[in-house]
Number of protein chains: 2
Amino acid sequence: MPPSPAKAREIELREETILGVARQLLLDRGYFGMTMDRIAEQVDFSKGTLYGHFGSKEDVLCALALESERKRTEFFQRAARFDGSPRERMTAVGAAYELYFRLHPTYFRSEQLIHSQELLTKIAPERQAEVMQCGAKCHGLMTAIVEDAVRLRQLALPRTLTPGTLTFLLWSLTSGAYSNLGDPEHLRQLGVANPVEAVRHACQTFLDGLGWKALSTQHDYAKTVRQVFSRCFPEEMAEAILMPAA
Amino acid sequence: MPPSPAKAREIELREETILGVARQLLLDRGYFGMTMDRIAEQVDFSKGTLYGHFGSKEDVLCALALESERKRTEFFQRAARFDGSPRERMTAVGAAYELYFRLHPTYFRSEQLIHSQELLTKIAPERQAEVMQCGAKCHGLMTAIVEDAVRLRQLALPRTLTPGTLTFLLWSLTSGAYSNLGDPEHLRQLGVANPVEAVRHACQTFLDGLGWKALSTQHDYAKTVRQVFSRCFPEEMAEAILMPAA
DNA sequence: AATTTTATTGACGCTTCGTCAATCCCCGCC
DNA sequence: GGCGGGGATTGACGAAGCGTCAATAAAATT
């Protein structure tokens with residue numbers, strides 16, 4: 001009575017198919033346009049089977065978010081391994097976030113949806129937990145870099161500022177800015193020409209304000225970013241160049 | 001056949017009633033719990049009449065967001081009039097945002113919903129435009145403060161950083177952090193004890209990094225914040241003290 | 001080949017949004 | 001007071017989506 005391995009494999013693969021279709025629908029038609037019936041229609045099996053894999057529409061969305069979180073976590077890990085000072089490594093993580101955002105806007109979108117809405121109710125708990133873990137992992141990666149800098153006496157944190165809090169702030173600035181991007185034309189009217197670059201600068205300025213050495217007056221962090229791109233993300237950069245203009 | 005003034009007044013007032021009920025539902029039961037039928041049930045007239053005032057559920061939500069934006073704009077205006085240096089006035093605006101966030105979490109929530117989701121499709125255009133205007137107004141208030149500082153030579157912006165962009169960054173940091181608050185217990189596990197205070201410090205550190213005078217080493221901006229609260233928002237502070245613990 | 005176990009289906013129940021023909025009510029007029 | 005008319009109000013209804021489950025098909029076992 002155990003199902004044959006071939007069948008089992010097919011069932012595994014189906015999950016990917018579903019998520020692929022769902023992601024495209026989310027991109028093209030938004031949250032409300034991504035209906036379970038439409039997904040079922042585009043994969044070649046029925047809604048009932050769909051619900052065998054995912055307990056609810058929100059569960060599908062959460063699975064998408066989880067893929068996203070995993071991708072981002074992978075990007076962060078690669079960046080955090082950059083060979084350089086803690087501040088360079090933190091810069092590398094920022095570059096990774098930027099690249100992730102540019103290459104995978106759909107991923108970023110599904111993350112946002114999961115976090116912004118109260119969709120967390122009808123979700124498989126283990127999936128929810130895994131999403132949280134990814135977030136915690138990314139946070140931990142960055143916090144470890146801060147702690148390295150403190151250990152090396154390149155950064156002296158004020159008493160009220162914990163490493164975790166500093167991470168929270170950098171994270172908030174970046175994700176907040178990316179969330180606010182919306183319509184580029186509207187931004188231009190507000191006098192914001194290049195928000196992504198602005199975020200890079202703002203992070204550096206903030207770290208300068210904290211006195212995290214080497215200060216950006218003493219080190220060319222723009223160069224670090226270029227190095228991170230070419231060393232940690234060579235393939236992704238090639239991909240980025242070929243992408244349609246953002 | 002022109003409707004009697006009494007009737008007309010009643011109709012006007014109804015709009016407020018609807019929004020009050022809607023806001024409470026949004027707070028208690030979330031976006032999906034706020035159904036048109038429930039709203040109709042709690043006000044004492046029917047769904048049809050409801051749809052005479054608001055074209056769709058999203059339109060109701062947008063009206064809520066508009067109230068919020070107006071409230072925030074008013075807070076910002078009062079703060080921007082604070083009697084002090086440009087940097088003190090910018091600090092005042094930050095304090096106003098903080099107060100707004102603390103006093104009106106529901107308001108903040110409806111704003112977020114409007115901006116985060118693709119709810120903008122089925123909305124009365126004039127309402128949508130008004131929301132945008134409020135946003136632009138707040139942005140303009142802050143940008144004007146930056147420009148004052150530049151004019152007074154208390155701030156020298158790098159060539160690539162426009163006043164509008166600086167506003168965008170401060171805004172992103174603050175709103176991004178507030179959006180990420182979510183569960184305080186979870187934050188504590190990440191080593192974030194007092195996020196709101198952390199945001200205040202981060203803004204100051206960022207401005208220090210830009211060299212906006214007077215630097216926070218030369219001036220006590222915590223004192224400025226206290227002054228702003230007591231001078232610009234005396235009544236709201238009394239209210240805040242009486243509020244249930246956040 | 002028969003039987004049991006598992007996988008799949010899509011019609012169905014339920015909820016919600018938004019509409020609209022029928023109804024009500026208020027007002028001036030006879 | 002009774003009547004007529006026009007805007008205001010209603011709630012039943014159609015459409016669409018989510019999630020279920022009895023019925024059916026497929027696969028595995030004997």
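The basis for the numbers below is simple: all heavy atoms, side chains too, and nothing from hydrogens, waters or symmetry mates. We name chains A, B, ... by the order of the sequence lines, and we start the count at 1 in each one.
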[X] vs [N]: side-chain N/O to OP1/OP2 distance below 4.0 Å:
X       : N      : result
A/Thr49 : C/dT9  : yes
B/Arg38 : C/dC17 : no
A/Arg14 : C/dA7  : no

(message) Among D/dG19, D/dG17, D/dA12, which nucleotide has an atom closest to any side-chain atom of A/Tyr51?
(response) D/dG19

(message) Checking contacts here: which listed nucleotide (C/dT16, C/dG18, D/dC18) is nearest the side-chain heavy atoms of A/Lys57?
(response)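 In terms of side-chain proximity for A/Lys57, the closest of C/dT16, C/dG18, D/dC18 is D/dC18.
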
Would [X] pass as a cation-pi partner of [Y], given that its NZ or CZ must be under 6.0 Å from the six-membered ring centre and within 45 degrees of the axis?
X       : Y        : value
B/Arg23 : B/Tyr107 : yes
B/Lys57 : B/Tyr31  : yes
A/Arg78 : A/Phe75  : yes

Quick one: [X] [atom1] to [N] [atom2], roughly how many Å, whole number?
X        : N      : atom1 : atom2 : result
B/Asp59  : C/dG18 : CG    : P     : 10 Å
B/Phe45  : D/dT10 : CZ    : P     : 8 Å
B/Ile123 : C/dG18 : CD1   : P     : 11 Å
A/Met36  : C/dG10 : CE    : P     : 16 Å
B/Lys47  : C/dG18 : NZ    : C1'   : 7 Å
B/Leu25  : C/dC17 : CG    : C1'   : 16 Å
B/Asp37  : C/dC17 : CG    : C1'   : 8 Å
A/Ile39  : D/dC18 : CD1   : P     : 8 Å

(request) With DNA chain D as reference, determine whether A/Thr35 or A/Gly48 sits nearer its 5' end, using the nearest nucleotide of each. (result) A/Thr35

(request) List the steps, then state whether ring pair (Phe, Tyr, Trp, His ring centres under 6.0 Å) holds for B/Phe76 with B/Tyr100. (result) CA-CA 9 Å; B/Phe76 274 36; B/Tyr100 165 75; 7.7 Å; no

(request) Mind grabbing the angle between the end helix axes of the helix from C/dA1-D/dT30 to C/dC30-D/dG1? Five pairs an end, 10° rounding. (result) 30°

(message) Closest-nucleotide mapping onto DNA chain C: is B/Gly55 or A/Asp44 further toward the 5' terminus? I mean the 5' end.
(response) A/Asp44

(request) Considering only NZ, NE, NH1 and NH2 on the basic side and carboxylate oxygens on the acidic side, decide whether A/Glu67 and A/Lys71 come within less than 4.0 Å. (result) no

(message) Does this structure show an ion pair linking B/Arg70 with B/Glu130, if we count only N-O contacts that are shorter than 4.0 Å?
(response)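 The answer is yes: the pair qualifies as a salt bridge.
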
(message) Check whether B/Thr165 reaches the backbone of A/Gly191 with its side chain - one donor and one acceptor, N or O, closer than 3.5 Å.
(response)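 The answer is yes, because a donor-acceptor pair under 3.5 Å joins these two groups.
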
